[in-house]
A.B. asks: 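Before I ask anything, let me first share the structure, which is written out below as structure tokens.
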Amino acid sequence: MTLHLYNTLTRAKEAFVPLRPDAVGLYVCGPTVYDFAHIGNARPVVVFDVLYRLMKRLFSGVTYVRNITDVDDKIIAASQKSGEPIDVITARTAAAFHDDMDALGALPPTIEPRATAHIAQMIVLIEALIAKGHAYAPGDGHVLFHVPSMADYGQLSRLDRREVIEGARVEVAGYKKDPADFVLWKPSTDEQPGWPSPWGRGRPGWHIECSAMSGQYLGETFDIHGGGQDLIFPHHENEIAQSRCAHDTPMMARVWMHNGYLMVEGEKMSKSLGNFFTVRQLLADHPGEALRLTLLQTHYRQPLNWTADGVRQAKETLDRCYTALRAVADVKATVAEPPPAVLDALADDLNTPLAIAHLHEAVGTLNKAAGAEEKAALKGRLLAAGDVLGLLSQDPEAWFKWCPAAAASPDDAAIEALIVERREARKAKNFARADQIRDELKAQGILLEDGAGATTWRRG
RNA sequence: GGCGCGGUGGCAGAGUGGCUAUGCAGAGGCCUGCAAAGCCUUGUACGUCGGUUCGAUUCCGGCCCGCGCCUCCA
């Protein structure tokens with residue numbers, strides 16, 4: 001099977017051929033840790049988690065690097081506002097990020113480098129750029145990348161340089177030789193975090209950290225670089241400029257992948273509209289797995305419209321999957337490969353909606369299975385299909401018993417006591433009482449289902 | 001203005017030059033004490049106007065509508 005990926009650099013879907021099949025490199029821009037991750041931050045994490053899971057099946061070695069940006073002016077601003085020290089903010093926010101992404105079923109990356117631990121590498125890179133005539137230090141503590149020094153700058157975003165400058169929303173700073181030049185290093189005041197450098201005490205610009213860290217862990221040229229569409233310009237364009245010019249290479253990452261934007265109930269997600277959901281808020285009301293599936297129900301390059309109905313639909317899909325798995329809870333699954341259709345869908349530029357359609361088919365065949373051996377085989381297939389998508393790994397009972405932390409739901413023991421009472425009523429043909437118990441529980445969100453042997457329950 | 005994306009049945013959402021995914025919702029049936037779940041059957045699609053073609057939802061062009069990016073926002 002050949003993996004095909006859409007490459008922003010060429011604007012085409014291409015067969016993916018790694019530089020080294022035993023050491024495939026994937027770099028994804030990670031969070032700036034100054035606030036809780038919102039659902040828009042979660043989309044690339046979940047999307048590239050699926051890519052990571054798929055590539056681990058296809059190649060013998062995959063290194064997945066996702067950085068943590070822990071030096072940034074937004075962090076400084078947050079610290080000044082709250083009075084909390086920067087390292088406290090970044091440590092707390094990074095921990096929250098890990099918890100949230102774990103709840104979404106995202107595997108940890110192979111390496112998660114922090115910007116502040118790679119200042120020395122950034123300085124080395126900046127010095128190389130100065131030495132090669134691609135950067136200059138005006139003497140006020142800044143170091144800037146000189147965009148006109150790179151003949152083919154702008155290949156990724158395909159923006160006309162002139163238009164970029166005309167459309168710029170920010171005043172051109174006086175220390176720039178060219179309006180398109182961007183900051184590699186900037187001076188820090190005593191209150192701001194800073195590191196000693198050949199240009200005085202300062203801190204790195206935004207783009208240089210990714211060049212430094214991807215170079216260190218994946219090499220000067222590596223396989224795949226991913227992130228949100230909004231990073232294409234200027235962030236990724238400038239990363240490419242820095243890395244290629246510093247290393248004299250024709251290419252930084254060979255494939256650039258970008259996930260689409262996220263809207264909320266049909267509107268652009270923004271703080272001013274008040275439709276800004278953090279993952280943490282959503283996790284209070286929904287299982288993380290349902291949030292993950294919501295993100296995977298739309299192809300990664302399409303705009304994703306986050307709606308309450310979409311989350312509900314994802315939850316129902318998982319209910320259906322776990323219902324099938326619960327029915328074969330006593331069957332030991334055979335170790336199996338995912339259905340080829342699932343892998344084919346994912347190998348075609350991560351077509352997760354199509355893969356999910358085939359997941360439904362795997363559920364259907366499992367539901368229809370007759371013999372124990374067939375059930376074991378089909379259960380194994382369904383679980384394998386879920387695994388490559390990062391779904392269906394929990395115990396069905398745990399799934400059905402989940403309820404929001406704040407919800408006033410009867411406790412499990414009380415429910416089971418009522419089920420016992422109802423069973424006695426049914427035995428005595430007292431169906432009025434049996435139905436009354438079922439109705440009362442239903443009013444509290446508990447659904448009873450009388451199976452062949454026993455009655456099962458779930459929180460709807 | 002420049003660059004780019006999209007408009008598919010009640011909803012979500014894939015895909016394809018001819019055989020009309022998938023799930024939910026709807027209708028009928030099997031099963032059930034009745035339900036639920038499951039299974040079976042079933043209806044409604046491809047913004048608009050042209051072009052290419054034996055044939056287009058799928059390719060090409062115009063138009064309409066929606067959305068995004070254009071220096072630090074995933």
Side-chain angles (χ1 to χ4, degrees), chain A residues 8 11 28-32 37-48 69 72-74 147 154 157-173 176 179-183 205-207 226-235 237-238 258-263 266-271 294 297-299 301-305 307 309-310 312-317 319-321 323-324 326-327 341 345 348 351-361 363-364 366-368 426 429-432 434-435 438-439 442 447-452 455-458 460:
Chain A
T8 306
R11 309 278 155 108
V28 175
C29 289
T32 300
H38 62 249
I39 196 66
N41 300 119
R43 169 124 102 142
V45 173
V46 169
V47 163
F48 290 106
T69 298
D72 181 274
D73 286 1
K74 282 193 292 291
V147 169
S157 60
R158 302 192 181 180
L159 291 173
D160 185 80
R161 217 173 68 77
R162 221 135 124 231
E163 297 292 345
V164 170
I165 295 158
E166 279 169 18
R169 294 183 296 202
V170 170
E171 297 270 322
V172 175
K176 290 188 180 181
D181 291 352
F182 57 89
V183 170
W206 178 31
H207 319 298
Q229 237 165 42
D230 55 330
L231 294 180
I232 294 173
F233 188 88
H235 185 53
E237 195 70 80
N238 291 347
H258 295 95
N259 61 273
Y261 290 89
L262 195 131
M263 318 223 292
E267 290 184 305
K268 182 183 165 147
M269 184 173 73
S270 75
K271 282 182 179 166
T294 306
Q297 281 177 154
T298 299
H299 182 85
R301 283 193 283 122
Q302 292 295 114
L304 167 57
N305 188 18
T307 62
D309 195 56
R312 183 193 56 75
Q313 224 179 72
K315 163 100 168 43
E316 281 178 7
T317 295
D319 281 342
R320 181 172 138 82
C321 295
T323 297
R326 179 191 237 182
D348 182 14
N351 192 337
T352 53
L354 185 58
I356 290 162
H358 292 302
L359 190 73
H360 276 119
E361 283 162 12
V363 171
L366 175 58
N367 281 332
K368 276 173 271 189
R426 289 180 72 206
K429 303 264 188 245
N430 183 357
F431 295 121
D435 291 352
R438 188 169 64 195
D439 291 344
K442 190 181 177 187
L447 304 175
L448 298 192
E449 290 165 358
D450 298 329
T455 296
T456 56
W457 63 274
R458 62 192 174 103

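Within every chain, numbering begins at 1; the chains are lettered A, B, ... in the order of the sequence lines, protein sequences first and strands thereafter.
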A.B. asks: If B:rC63 has a Watson-Crick or G-U wobble mate with both distances under 3.5 Å, name it; if not, just say none.
C.D. replies: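 WC or wobble partner is B:rG47.
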A.B. asks: Nearest heavy atom decides the nucleotide; on that basis, is A:Asp348 or A:Gly451 closer to the 5' end of RNA chain B?
C.D. replies: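 Here A:Asp348 is the residue nearer the 5' end.
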A.B. asks: What distance separates A:Asn238 CG from A:Leu231 CG, expressed to the nearest 0.5 Å?
C.D. replies: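 Here the rounded value is 11.5 Å.
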A.B. asks: At what distance, to the nearest 0.5 angstrom, does CG of A:Asn305 lie from OG1 of A:Thr294?
C.D. replies: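 Between A:Asn305 CG and A:Thr294 OG1, I get 12.0 Å after rounding to 0.5 Å.
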A.B. asks: Name the nucleic acid region contacted by A:Gly227, choosing base, sugar-phosphate or nothing; use a 4.0 angstrom heavy-atom cut-off, strictly under.
C.D. replies: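 A:Gly227: backbone/sugar contact only, no base atoms under 4.0 Å.
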A.B. asks: Nearest to the side chain of A:Asp309, heavy atoms from C-beta on, is which of B:rA74, B:rC72, B:rC11?
C.D. replies: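 Nearest nucleotide to the side chain: B:rC11.
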A.B. asks: Have a look at A:Glu361 and say if it touches a base, only the backbone sugar-phosphate, or nothing, with a 4.0 Å heavy-atom cut-off.
C.D. replies: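 Sugar-phosphate: the residue A:Glu361, judged by heavy atoms under 4.0 Å, touches backbone atoms but no base.
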A.B. asks: Please determine, for the side chain of A:Leu354, which listed nucleotide (B:rA74, B:rA21, B:rC11) has the closest atom?
C.D. replies: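 Among the listed nucleotides, the one closest to the side chain of A:Leu354 is B:rA21.
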A.B. asks: Can you tell me if A:Lys176 touches the phosphate of B:rU71, counting only side-chain N or O atoms and a distance under 4.0 Å to OP1 or OP2?
C.D. replies: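 Result: no.
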A.B. asks: In terms of side-chain heavy atoms of A:Tyr261, which of B:rC11, B:rC69, B:rG23 is nearest?
C.D. replies: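 So the nucleotide nearest the side chain must be B:rC69.
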A.B. asks: At under 4.0 Å, does any side-chain N or O of A:Asn351 touch on OP1 or OP2 of B:rG15?
C.D. replies: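 The answer is yes; a side-chain N or O of A:Asn351 sits under 4.0 Å from OP1 or OP2.
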A.B. asks: Using the side-chain heavy atoms of A:Leu262, tell me which of these nucleotides is nearest: B:rA14, B:rC24, B:rA74.
C.D. replies: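 Nearest to the side-chain atoms of A:Leu262, counting from C-beta on, is B:rA74.
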A.B. asks: Using atom C1' in both nucleotides, what's the gap between B:rG68 and B:rA74 to the nearest angstrom?
C.D. replies: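 Each nucleotide's C1' atom is 14 Å from the other's.
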A.B. asks: Could you tell me how far B:rC67 sits from B:rA56 if I compare only their P atoms? Round to whole Å.
C.D. replies: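 Comparing P positions in B:rA56 and B:rC67 gives a spacing of 32 Å.
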A.B. asks: Rounding to an integer number of Å, can you tell me how far A:His235 NE2 sits from B:rC73 P?
C.D. replies: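 After rounding, the reported distance stands at 11 Å.
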A.B. asks: Checking contacts here: which listed nucleotide (B:rC34, B:rA12, B:rG38) is nearest the side-chain heavy atoms of A:Arg320?
C.D. replies: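 The listed nucleotide nearest to A:Arg320's side chain is B:rG38.
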A.B. asks: Between B:rG43 and B:rG6, how many Å separate the two C1' atoms, rounded to a whole number?
C.D. replies: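 B:rG43 and B:rG6 have their C1' atoms separated by 28 Å.
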A.B. asks: Taking donor-acceptor contacts at under 3.5 Å, does the side chain of A:Arg426 reach the base of B:rG33?
C.D. replies: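 Such a pair is found, so the answer is yes.
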A.B. asks: Which part of the nucleic acid does A:His299 contact within heavy-atom distance under 4.0 Å: base, sugar-phosphate only, or nothing?
C.D. replies: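 Counting heavy atoms under 4.0 Å across all strands, the contact made by A:His299 is with sugar-phosphate only.
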A.B. asks: Only pairs with both distances under 3.5 Å count, Watson-Crick or wobble alike; so what is the partner of B:rC31 in this structure?
C.D. replies: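 Partner of B:rC31: none.
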A.B. asks: Just call it for A:Leu447: base, sugar-phosphate, or nothing, with non-hydrogen atoms closer than 4.0 Å on any strand.
C.D. replies: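 Nothing, no nucleic acid heavy atom in range.
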A.B. asks: Using the C1' atom as the point on both nucleotides, what is the distance between B:rG1 and B:rG9, in whole Å?
C.D. replies: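 After rounding to an integer number of Å, I get 39 Å for this pair.
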A.B. asks: Counting side-chain heavy atoms from CB outward, which of B:rA21, B:rC70, B:rA74 is closest to A:Ala357?
C.D. replies: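 Side chain of A:Ala357 sits closest to B:rA21.
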A.B. asks: Thinking salt bridges, do A:Arg312 and A:Glu316 make one under a 4.0 Å N-O criterion?
C.D. replies: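 Yes, A:Arg312 and A:Glu316 are salt-bridged.
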A.B. asks: Could you check whether A:Lys442 pairs with A:Asp439 (Lys NZ or Arg NE/NH1/NH2 to Asp/Glu carboxylate O, under 4.0 Å)?
C.D. replies: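 The answer is no: the pair does not qualify as a salt bridge.
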A.B. asks: What contact category does A:Leu448 fall into here, base, sugar-phosphate, or nothing, at under 4.0 angstrom with non-hydrogen atoms?
C.D. replies: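 Base: the residue A:Leu448, judged by heavy atoms under 4.0 Å, touches a nucleobase.
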A.B. asks: Paired with B:rU58 by Watson-Crick or G-U wobble geometry, both distances under 3.5 Å: which nucleotide is it?
C.D. replies: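 B:rU58 is paired with nothing.
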A.B. asks: Which listed nucleotide (B:rC70, B:rA37, B:rA74) is nearest to the side chain of A:Glu449?
C.D. replies: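 Selected nucleotide: B:rA37.
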A.B. asks: B:rG13 phosphate, OP1 or OP2: any side-chain N/O from A:Thr298 under 4.0 angstrom?
C.D. replies: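 Answer is yes, contact under 4.0 Å.
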A.B. asks: Choose from B:rC24, B:rC72, B:rC39 the nucleotide whose nearest atom is closest to any side-chain atom of A:Trp206.
C.D. replies: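 Closest nucleotide to the A:Trp206 side chain: B:rC72.
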A.B. asks: Taking atom OG1 of A:Thr32 and atom CG of A:Asp73, what is their separation to the nearest 0.5 Å?
C.D. replies: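 One gets 10.5 Å once the value is rounded to the nearest 0.5 Å.
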A.B. asks: Counting only side-chain heavy atoms from C-beta out, which of B:rC67, B:rA74, B:rC34 sits nearest to A:Asp450?
C.D. replies: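 Nearest listed nucleotide: B:rC34.
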A.B. asks: In the strands shown, is B:rU52 matched to any nucleotide by a Watson-Crick or G-U wobble pair with both distances under 3.5 Å, and which?
C.D. replies: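 Check on B:rU52: unpaired, no WC or wobble geometry under 3.5 Å.
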A.B. asks: When you compare B:rC65 with B:rU48, how far apart are their C1' atoms, in angstrom units rounded to a whole number?
C.D. replies: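 To the nearest whole Å, 10 Å.
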A.B. asks: Contact class for A:Gly205 (heavy atom, under 4.0 Å): base, sugar-phosphate, or nothing?
C.D. replies: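 No contact at all - A:Gly205 keeps every heavy atom at 4.0 Å or more from the nucleic acid.
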A.B. asks: Does A:Asn367 put a side-chain nitrogen or oxygen below 4.0 Å from OP1 or OP2 of B:rG38?
C.D. replies: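 For B:rG38, neither OP1 nor OP2 has a side-chain N or O of A:Asn367 closer than 4.0 Å.
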A.B. asks: For the side chain of A:Glu316, starting at C-beta, report the closest nucleotide among B:rA74, B:rA37, B:rC24.
C.D. replies: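 In terms of side-chain proximity for A:Glu316, the closest of B:rA74, B:rA37, B:rC24 is B:rC24.
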A.B. asks: Using whole Å, report how far CD of A:Gln297 lies from P of B:rC11.
C.D. replies: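 It works out to 16 Å between those atoms.
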A.B. asks: Which part of the nucleic acid does A:Gln229 contact within heavy-atom distance under 4.0 Å: base, sugar-phosphate only, or nothing?
C.D. replies: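 Since no nucleic acid heavy atom lies under 4.0 Å of A:Gln229, the category is nothing.
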A.B. asks: For A:Ile39 and A:Arg43, run side chain to side chain contact (heavy atoms under 4.5 Å, CB included): C-alpha distance rounded to whole Å, both residues' side-chain angles, the deciding distance at 0.1 Å, then the answer.
C.D. replies: CA-CA 6 Å; A:Ile39 196 66; A:Arg43 169 124 102 142; over 6 Å; no
A.B. asks: Spell out yes or no: do the side chain of A:Arg438 and the base of B:rC34 have one donor N/O and one acceptor N/O closer than 3.5 Å?
C.D. replies: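 Checked by distance alone, the answer is yes.
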A.B. asks: Classify the angle between the aromatic ring planes of A:His235 and A:Trp206 as parallel (below 30°), tilted (30 to 60°) or perpendicular (above 60°).
C.D. replies: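 Rings of A:His235 and A:Trp206: parallel, under 30°.
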A.B. asks: Given the P atoms of B:rA21 and B:rA45, what is the spacing between them in whole Å?
C.D. replies: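 Between the two P atoms, the distance is 13 Å.
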